[in-house]
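If you're wondering where the values come from, they're calculated on a predicted model, not measured in any experiment. One is the number of the first residue; the rest follow in order along the sequence.
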Amino acid sequence: MANQNSVISNNAMLDSATFHVEANKYVSDFLLEDVPHLSDYIPDLPTYPDPLQDNPSYAVVKQYYVNTDDTVAQQIVVHKNSPGGTLFRRAGPAQKVYFDSEEVYACVVTCGGLCPGLNTVIRELVCGLYHMYGVQKVLGIGGGYRGFYSRNTIPLSPKIVNDIHKRGGTILGTSYGGHDTSKIVDSIQDRGINQVYILGGFGTQNEAAMIFEEIRKRGLKVAVVGIPKTIDNDIPVIDKSIGFDTAVEEAQRAINSAHVEAESAENGIGVVKLMGRCSGFIAMYATLASRDVDCCLIPESPFYLDGPGGLLEFIEKRLREQGHMVIVIAEGAGQELIPSNDTSNKNKPDASSDDLFQDVGLWLSQKIKDHFARNTKKTINLKYIDPTYMIRAIPSNASDNVFCTLLAQSAVHGAMAGYTGFTVGPVNGRNCYIPFHLINEGQKRVVITDRMWARLLSSTHQPSFLNPQHITEEAIVE
């Protein structure tokens, strides 16, 4: 028995050793997508003890500091023989910082469209710098990027920002465009600013990368940090961006109103247009949360109107079955179906935004009305609801407020630790520092072959609206 136990023990030790060898081999296949550090281009930078070690609020926290080797895997579900994948540096306070608190002169700027949570992030950046690190000088840049060289600024302090999280919008003002990299960096250099916090979406983060590159070219000790802001949730790599949870929750009000209107009328149809120019995340999640939606249309999943299997046939079918229906459509869906010479529905969400988009909700509503007036004897009652600006302008909800706090504090920790040229965001539930070049590779989109989209189809019982022409073309190829 003793010999048998010895054999079992030896086998267990061998298995364990084999596991460690395989594990080490596996770990070596991982790629750390690290972020730039000020010391990469400024040699012999002095370091300072982290002020948090003397902060009574954090005295009771064990293992508060993040180990310099702590990383987060981009993929947490992998196959046994899969390659290692990508790692990101975990966000958090470091034991040594590269800025003396008294020398820090930080600035905050908000760019692009409005989004729930902007004021919360501004508040937590200011309070985090002040209360955690003792930073006394924070400047708000007014009106987006152009505020850097228009001398439009607002001094920020914990007292000034104390209640701003209860308001929608941004106390700093915002705008599209106005980006002149050289002028912006000139302004940063002239003012003596050494930490720049930029809140914005996909385009804004791309421009933040240009600011960082110019700063690095000039050899300036300036940390540039991006904070992802877009309710469309289309920024790649990260789990979500600020404002998304609030947008999905607020979209429920519009969907509920459309459902009440549709249910209360004979052959009632409610059409709700939600944000999502290139990505349909808000429409998808709002539909899943509502359970009152009969059809969800997003840019990633093409649809067609006429003929067998088309949207209009499905609407007729659903009205016969239950007497009413609700349609949710993302603003970027179906744009290819609208004639290019139709200028009646051209819509720009802001005067300085980039692309003209047709108002697809208005166009679809008219197409539905025309179809029933022309081809059936049914009289329909259609109500069209566009809550876009109502959703963008509200304060963030509790979930987003917590999320904004964590992002803002992670951004401050990263800048104080000397990291630069990165966006902070959650990857698999852990805040990370992500280099700008990955954020700017392309917009995140709904994967319609994923189980989440299958869940939506199961919830709404809508068809996939595959175009018969595409089916015919595929049959010919086969």
Original post:
Distance only, no hydrogens: is a donor on one side chain within 3.5 Å (strictly under) of an acceptor on the other, for S399 and D245?
Top reply: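 Note: S399 and D245 side chains meet the donor-acceptor criterion.
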
Subject >> Exercise: do T86 and E33 side chains pair donor with acceptor under 3.5 Å >> reply: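 No donor-acceptor contact under 3.5 Å links the two side chains.
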
Identify whether the distance between the nearest side-chain nitrogen and carboxylate oxygen of [X] and [Y] falls below 4.0 Å.
X: R123; Y: D163; answer: no
X: D34; Y: R89; answer: yes
X: K444; Y: D239; answer: no
X: K221; Y: E103; answer: yes

Subject >> Side chain T246, main chain N397, donor-acceptor under 3.5 Å >> reply: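 Present.
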
Subject >> Expected output: side-chain T153 to main-chain I141 donor-acceptor under 3.5 Å >> reply: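 Here the side-chain-to-backbone pair does not exist.
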
Original post:
Y145 and I198: which non-hydrogen atoms are nearest, and at how many Å?
Top reply: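 So the minimum-distance heavy-atom pair works out to OH-CG2, 3.4 Å.
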
Can you label the angle between the [X] ring and the [Y] ring as parallel, tilted or perpendicular, going by 30° and 60°?
X: H413; Y: Y133; value: perpendicular
X: F465; Y: F303; value: perpendicular
X: F281; Y: Y285; value: tilted

